[in-house]
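Inspection log for the structure reproduced underneath, given as C-alpha cells.
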Amino acid sequence: MERSKVMQIISDETLTYSQQVLALARLAESEDSTLKRNPLWDKAIKEGKVCDLNEGYAPYRPRYILPDYDILMKKGCKFLELEPAKTLLEACNNLLIFYKHLPSITSYPVYLGNFTDLFMPWDDEVSNPQTKEILKLFLKHIDKTLCDSFVHANIGPKDSKITRLILNLTKEMQLAIPNITLLYDDDITPHDLAIASIDTMLYTSKPSFANHKMYSKEHKNNPYGIASCYNALNIGGGGYTLPRLRLYEISTEAKSLDDFMDNVLPKYVKLILENIDQRIKFIVEESSFFKSNFLVKEGFVQREKFTGMVGIVGVAECTNNLLGIKDKALGFGHNEKAEALAAKILAKIEEMVNNHKGLYCSLCDNKYQMHAQVGIDTDETDDAPGCRIPVGYEPELYKHLMIESKLHKYFPCGVGDIFKFDQTWLNSRDAILDIIKGAFNSGLRYFTAYNQDNDVVRVTGYLVKKSEIDKLTHGEQSINNCTIFGKGAKERGHALERKVYGKGTN
C-alpha cells in the first residue's frame, strides 16, 4: 500500500476523525486482492465503462440492509440486551442503540424504519409536551451521530399524529439527516397529510414522495422500504451489491447503433451480472455476515430477501452519442428519437437482467433488479444520473415529467428526479399535489422537490446544506459525510444549477 494514499487521508484538514477512519477502512478494502476479478472487469473499470461504486474487493457485508424493525419493537434484541419498549422514550433509545450496530457501504444505517408505524403505539401521547421534546432529541441525535445523508426514514402511507409532529420538527430544525420519504397512496394517505408533507418539502427538501401503489404491486409478497437515496428494497432484506453500467462510456465503443445493441451493450451487461454473482457468492459463502451477525441470527434480516442491484447511469448522454447529437438542447429531453432509443436500451438491459438467474435471492424471484444510479463526486465525465434529463437542459415541467414517467418502469429497485421550484409555489401546495398525482398515474415512481432559497437542498438523491458546502470550499470541516459528495456534484455535475420552475410560467 502506498504511504502517500494513507498520508493524503490523515493529513486532510477538511476531514473529521470519523471521516478519516472510514476513509482509511475503504482504502484497505480497495487495496485488497482477495476477490479474484475477471480481467475484463478490471479493464472496463479502468476505461470507465463500469464502476464498483467504492465497494472494494473484499465485500464483507451487504451494501444496503433494511432490518425488520417490527421485531425490535415487539421482541427487543437479545444481542444488544434490549427489552421491547414500553414508552416512547424507550423506543427512541432502543432504536438509537440498534442503529449504531447496522453495517452498510457507508458504515451508517441506510434505513431507519417507518416512523409512522414504529411510533404508532404512542400516538395518543402527542399532546404531551414531553413527546415533542423526546422526538426532537431523537432527530437531533440522528443528525449528529449518523452523519451521512444516505441515512433514510419513511413515513406513511397512513396518517398519525406523531407523523405530523415529525413533519413540523423537520421544518423547524432544518436538519439534512435523516433523509425522509412519504409512501404516498391517494387512496390511503389523507389529503392534508400530503399537503403538510409538501409544505415541509418546500422548506427542507424532504420528504420525497414514493409511488406506493406502484411499489406495493411489485412487492406484493413482502413489504418494502425506501433506503439510501431512493432505493426500493425488501424490508428484512436489502441490496447485496451495486456496481453500475456507465452507458455513455460504453456507447463510445460501438461502431454503430446496431453494434451497440447487438454486441457492445450485451457484453457489458453480461460482465456486470457476472460481477454481481461473484460478489454475492463471496458475501454469503466467504464473509462472516450471514453466518454470525446478530441481525441474521435473530431474524431482523433474511438472506433470501436480498437482491443484487444493476446500476445504470448516463442514459441521456448515451442516446445522444448513438444518434450523433452534439447539442444537449436538441437531444434527450427534447428529441423523441432519443427518448424512444432510451426506452429500447433499457428494455434490452431489463430483458438480460430478468433472464439471468440470480444467486441467493429466492424471495426476489431469483432476479436482480435495475437501479437508476445518480453518479459519484469523482466521475470525470458529466453523465446525467440514471435516466434524468441533463441539468440545465430541462424542458417545461409537464414534458419533463412525462418523459421520465415512461422510463421509470424499468427501475423497480429505485429511480427518481428532483424538481427545483421558486417562491411562487409556496402558496400552491394543492397544485403541486395535483402534479404528483398526475405523474404517479402516468408511471413516475418517485418525486422530490425543493425551494431554490433553501439551505437544505437535495443534490442527486441525498441532502446537504449549502452552508456546509461553503465550509468545505473554504477548507473547514463538515460533520455530514455527504457534504463532500455535494461539493463534487456541485462543481463537476452542476447539480445545484437545475432549472427553476416558476408557477404558471413553464
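This chain uses plain numbering: 1 for the first residue, then up along the sequence.
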Using a 6.0 Å cut-off, check whether atom NZ of Lys100 has over 12 heavy atoms from anything other than its own residue.
yes

State, without any angle test, whether His371 and Tyr230 hold a side-chain donor-acceptor pair at a distance under 3.5 Å.
no

Just checking, any donor-acceptor pair under 3.5 angstrom between side chains of Ser405 and Ser442?
no

Can a salt bridge be assigned to the pair Asp52 and Arg279 using a cut-off of 4.0 Å between side-chain N and carboxylate O?
no

Quick one: pull up CD in Gln373 and CZ in Phe411 and give me the separation to the nearest 0.5 Å.
11.0 Å

To the nearest 0.5 angstrom, please state how far the OH atom of Tyr368 sits from the NE2 atom of His356.
4.5 Å

Tell me whether the count of non-hydrogen atoms from other residues, nucleotides or ligands lying under 6.0 Å of NZ in Lys213 goes above 12.
yes

Note: Arg445-Glu218 ion pair, threshold 4.0 Å (strictly below)
yes

Can you say whether the rings of Phe447 and Phe419 are parallel (under 30°), tilted (30 to 60°) or perpendicular (over 60°)?
parallel

For Leu182 and Pro207, which heavy atoms make the closest approach, and how far apart are they?
N-CB, 3.8 Å

Any residue meeting side-chain hydrogen bond (donor to acceptor under 3.5 Å, both in side chains) with Tyr268, in chain and number order, not counting sequence neighbours:
Glu253

So how far is it from Leu341 CG to Glu336 CD, rounded to the nearest 0.5 Å?
13.5 Å

Can we say Lys43 and Glu47 salt-bridge, meaning some charged N sits less than 4.0 Å from an Asp/Glu carboxylate O?
yes

For a quick test of reading the model, state the closest non-hydrogen atom pair linking Gly333 to Ile403 and the distance between them.
O-CD1, 3.5 Å

Rounded to the nearest 0.5 Å, the CG atom of Asp383 sits from the OH atom of Tyr248 at a distance of 8.0 Å

Quick check on the 6.0 Å ring-centre criterion: do Phe300 and Phe79 meet it?
no

Would you give the length of the straight line joining atom CE of Met120 to atom CG of Leu118, rounded to the nearest 0.5 angstrom?
10.0 Å

At their closest point, which heavy atom of Gly225 faces which heavy atom of Asn154, and how far apart are they?
CA-OD1, 3.5 Å

Hey, are Asp417 and Arg388 close enough for a salt bridge, meaning a charged N less than 4.0 Å from a carboxylate O?
yes

Side chains of Tyr446 and Thr181 only: does a donor on one sit below 3.5 Å from an acceptor on the other?
yes

If you count heavy atoms of other groups shown closer than 6.0 angstrom to NZ of Lys399, is the number above 12?
yes

